Amino acid sequence: NKGNYEHYMQKEIHEQPESLRTTMRGRLIRGGSCKAKTVLLGGLKDHLKTIRRSRRIVFIGCGTSYNAALAARPILEELSGIPVTMEIASDLLDRQGPIYREDTAVFVSQSGETADTLNALEYALENGALCVGITNTVGSAIARNTHCGVHINAGAEIGVASTKAYTSQIVVMAMLALAIGDDAISSQGRRETIIDGLCELPGKVREVLKLDQEMKDLAKLLIAEQSLLVFGRGYNYATALEGALKVKEVALMHSEGILAGEMKHGPLALVDENLPIVVIATRDACFSKQQSVIQQLHARKGRLIVMCSKGDSASVCVGGSCRVIEVPQVEDCLQPVINVVPLQLLAYHLTVLRGYNVDQPRNLAKSVTTQ
Ligand code: UD1
Ligand code: F6R
């Protein structure tokens, strides 16, 4: 049921304030001051000790689910102090990469049925790792075959392009980081700030959704382009990859997410006055580095669309020559949840304007059950 929306993708983008609320329901525990100060993930509470003792946490997934894990990696590293590595499920299997008994392997999958991810799960089980699932589908193969896990509870996702599952996956993995780091006194203040940030997140997502018309206008400008680059780094490297994935899979436009730190090692050669480039430059520890990236792209006459925190237009837009997308600022590790929304909206509007099928892009299936 699409309700008042024309497409499932549109509905699922706009229901993110609600889906995020459902994801967090019952999992943020309120302290005396009526503020949530700790997290409770029912599916993991008996396994946290084992996870804390593991030598490595390895995230395994495909597509958007992989990108969500990449977005959560920095906060998991920070709060757990455990090395976190990333594996695309098919690549882990192609290499038969090492997985050990001392590893915690986290399988991220909206459907819980993706063949590559399931095969990687079977492989990790054989190698004796603790296997944790993060899935949206109760009773799915990944939910059944992992030792423990967390349901993201985002509600059924129908559009082939994953949108609300992505933001709920990031929130669950941020809560996973909070739960694993729960015993460290030194980071208690940081954890409480993040929990406050989680409580406010649905409202901030509602705010960023107001950019809908602005993204439609931007899509009109980009309708006939061949390609779109998206630059990000740090917490928002994943946002760049995910924004580009949305644009290519539904709008059928070539798009590439680029780690801004790699700019000088190749991508800079592509920059000219024609190729549109989105640069994500919201406030966090990487902000000044992103400012310098913008200056260098600008010096090569790049066609820039800069995403920045509210009120920062003047500090990111050199000489006032670029287009700016201002988004509400939230805690750094939660910013990817906000920043992906305008890119989801952009991909949606580009698709509709270009006349393609939004909910069923050609050649793709919602659940990829073959290798
Ligand atoms: C559970 C109930 C929820 C209830 C809540 C009340 C279910 C599915 N969930 O939610 O309805 O409101 O208690 O306390 O009945 N699991 C895996 N692999 C996965 C995902 C989950 O093994 O990929 C396991 C978990 O370890 C857990 C169970 O499935 O044993 C349910 O997980 P989850 O729904 O996340 O647990 P709760 O949030 O506690
Ligand atoms: C992109 C998309 C795919 C899936 C991928 C994994 O919008 O939907 O990239 O993310 O096929 O699917 P799940 O999460 O079901 O394992």
Side-chain angles (χ1 to χ4, degrees), residues 8-9 12-13 22-29 39-48 50-51 59-71 87-90 104-121 124-125 130-154 156-173 175-176 179 238 241-251 255 257 340 343-344 347-348 351 358-361 363-371:
Y8 283 109
M9 182 183 181
E12 288 160 2
I13 292 172
T22 323
T23 296
M24 292 186 273
R25 185 161 300 142
R27 291 169 167 172
L28 298 178
I29 304 306
V39 302
L40 175 71
L41 296 171
L44 291 187
K45 61 179 190 321
D46 299 334
H47 301 267
L48 283 175
T50 318
I51 298 174
F59 276 126
I60 302 165
C62 309
T64 290
S65 293
Y66 175 90
N67 292 344
L70 189 65
E87 293 284 358
I88 292 189
S90 65
T104 293
V106 182
F107 295 84
V108 188
S109 172
Q110 188 285 130
S111 63
E113 303 290 348
T114 300
D116 289 326
T117 313
L118 260 174
N119 291 337
L121 169 56
L125 286 168
L130 174 71
C131 294
V132 178
I134 293 181
T135 175
N136 197 26
T137 317
V138 178
S140 62
I142 286 171
R144 281 184 279 115
N145 296 329
T146 41
H147 295 117
C148 59
V150 189
H151 291 114
I152 66 169
N153 299 337
E157 191 180 62
I158 311 244
V160 165
S162 188
T163 52
K164 64 173 179 168
Y166 179 72
T167 47
S168 284
Q169 285 168 334
I170 296 176
V171 160
V172 161
M173 288 183 270
M175 290 195 288
L176 171 69
L241 295 186
E242 177 59 10
L245 178 57
K246 289 298 88 116
V247 169
K248 84 182 94 176
E249 76 171 324
V250 287
S255 187
V340 78
L343 302 177
Q344 293 172 340
Y348 170 77
T351 310
V358 179
D359 287 331
Q360 284 190 307
N363 309 339
L364 298 181
K366 181 68 185 160
S367 174
V368 185
T369 51
T370 53
Q371 255 183 303

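Model, not experiment: these values are computed from the prediction. All ligand and atom numbering here is 1-based and tracks the order in the structure. Heads up: numbering here begins at 1 and tracks the sequence.
Checked by distance only, ligand 1 and G149 come closer than 3.5 Å through their nitrogen or oxygen atoms. Considering backbone and side-chain atoms alike, H147 places every N or O at 3.5 Å or more from each N or O of ligand 1. Looking at ligand 1, you won't find any N or O of L44 less than 3.5 Å from one of its N or O atoms. Where the criterion is an N or O separation shorter than 3.5 Å, residue side chain and backbone included, Q169 fails it with respect to ligand 2. The shortest N or O to N or O distance between T135 and ligand 1 is not below 3.5 Å. Close N/O approach between V138 and ligand 1 is not found [any backbone or side-chain N/O within under 3.5 Å]. Considering backbone and side-chain N/O of N153, none are found under 3.5 Å from N/O of ligand 1.
For atom 31 (C) of ligand 1, the nearest protein heavy atom lies under 4.0 Å away. Using a 4.0 Å threshold on non-hydrogen atoms, atom 4 (C) of ligand 1 does not count as touching the protein. Protein heavy atoms are found less than 4.0 angstrom from atom 25 (C) of ligand 1. The protein does not reach atom 10 (O) of ligand 1 closely, with no heavy atom under 4.0 angstrom from it. Protein heavy atoms are found inside the 4.0 Å sphere centred on atom 19 (C) of ligand 1. Closer than 4.0 Å to atom 14 (O) of ligand 1 lies none of the heavy atoms of the protein.
Within ligand 2, counting atoms from 1 as listed, the ones closer than 4.0 Å to a heavy atom of A161 are 7 (O). Counting atoms of ligand 1 from 1 in the listed order, those under 4.0 Å from a heavy atom of G43 are 25 (C), 26 (O), 27 (C), 36 (O), 39 (O). Numbered from 1 in the order shown, with element, the atoms of ligand 2 that lie under 4.0 Å from a heavy atom of S162 read 7 (O), 8 (O). Within ligand 1, counting atoms from 1 as listed, the ones closer than 4.0 Å to a heavy atom of G42 are 39 (O). Here is the list of ligand 2 atoms found below 4.0 Å of a heavy atom in K246: 1 (C), 7 (O). Counting atoms of ligand 1 from 1 in the listed order, those under 4.0 Å from a heavy atom of G133 are 19 (C), 23 (O).
The backbone N or O of S111 lies less than 3.5 Å from a partner atom in the side chain of T137, making a donor-acceptor pair. Within the 3.5 Å criterion, the main-chain N or O of A165 finds no donor-acceptor partner in the side chain of S168.
A side-chain contact (heavy atoms from CB on, under 4.5 Å) with V172 holds for exactly one of N153, N136, I152; it is I152. A side-chain hydrogen bond (donor to acceptor under 3.5 Å, both in side chains) with S162 is found for exactly one of E12, Q110, E157, namely E157.
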- [ ] Quick one: do M173 and V150 satisfy side-chain contact (heavy atoms from CB on, under 4.5 Å)? Show the steps, please.
- [x] CA-CA 9 Å; M173 288 183 270; V150 189; over 6 Å; no

TODO: Give the intermediate values and the outcome of side-chain contact (heavy atoms from CB on, under 4.5 Å) for residues L40 and R27.
DONE: CA-CA 5 Å; L40 175 71; R27 291 169 167 172; 5.6 Å; no

Open item on the list: Using the rule given for side-chain contact (heavy atoms from CB on, under 4.5 Å), can you reason through T163 versus M9, listing the C-alpha separation, both sets of side-chain angles and the distance that settles it, and then say yes or no?
Closed with: CA-CA 7 Å; T163 52; M9 182 183 181; 4.2 Å; yes

- [ ] Take T135 and H151 through the side-chain contact (heavy atoms from CB on, under 4.5 Å) test and state the conclusion after the steps.
- [x] CA-CA 5 Å; T135 175; H151 291 114; 4.1 Å; yes

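If you check which protein heavy atom lies closest to atom 8 (O) of ligand 2, you get V160 O, 3.1 Å. Here the protein heavy atom with the shortest distance to atom 5 (C) of ligand 2 is C62 O, 3.8 Å. When only non-hydrogen protein atoms are considered, atom 35 (O) of ligand 1 lies nearest to H151 N, 2.9 Å. In terms of protein heavy-atom proximity, atom 14 (O) of ligand 2 is closest to S65 OG, 2.5 Å. Counting only heavy atoms of the protein, atom 16 (O) of ligand 2 lies nearest to T114 OG1, 2.4 Å. Protein heavy atom closest to atom 2 (C) of ligand 2, with residue, atom name and distance, is T64 OG1, 3.8 Å. When hydrogens are left out, the protein atom nearest atom 15 (O) of ligand 2 is S111 OG, 2.7 Å; that is the closest non-hydrogen contact. When only non-hydrogen protein atoms are considered, atom 11 (O) of ligand 2 lies nearest to V368 CG2, 4.0 Å. With respect to atom 7 (O) of ligand 2, the closest heavy atom belonging to the protein is E249 OE2, 2.3 Å.
A 6.0 Å sphere centred on CD of E113 holds more than 12 heavy atoms belonging to other residues, nucleotides or ligands.
Heavy-atom proximity to atom 38 (O) of ligand 1, evaluated over H47, R25, R27, is greatest for R27.
The residue K366 has no part lying near ligand 2, judged by heavy-atom distances below 4.0 Å. Of the heavy atoms in R144, none comes closer than 4.0 Å to ligand 1. If you look at E113 next to ligand 2, there are no close heavy atoms at all, none under 4.0 Å.
There is a side-chain donor-acceptor pair under 3.5 Å between K246 and T64.
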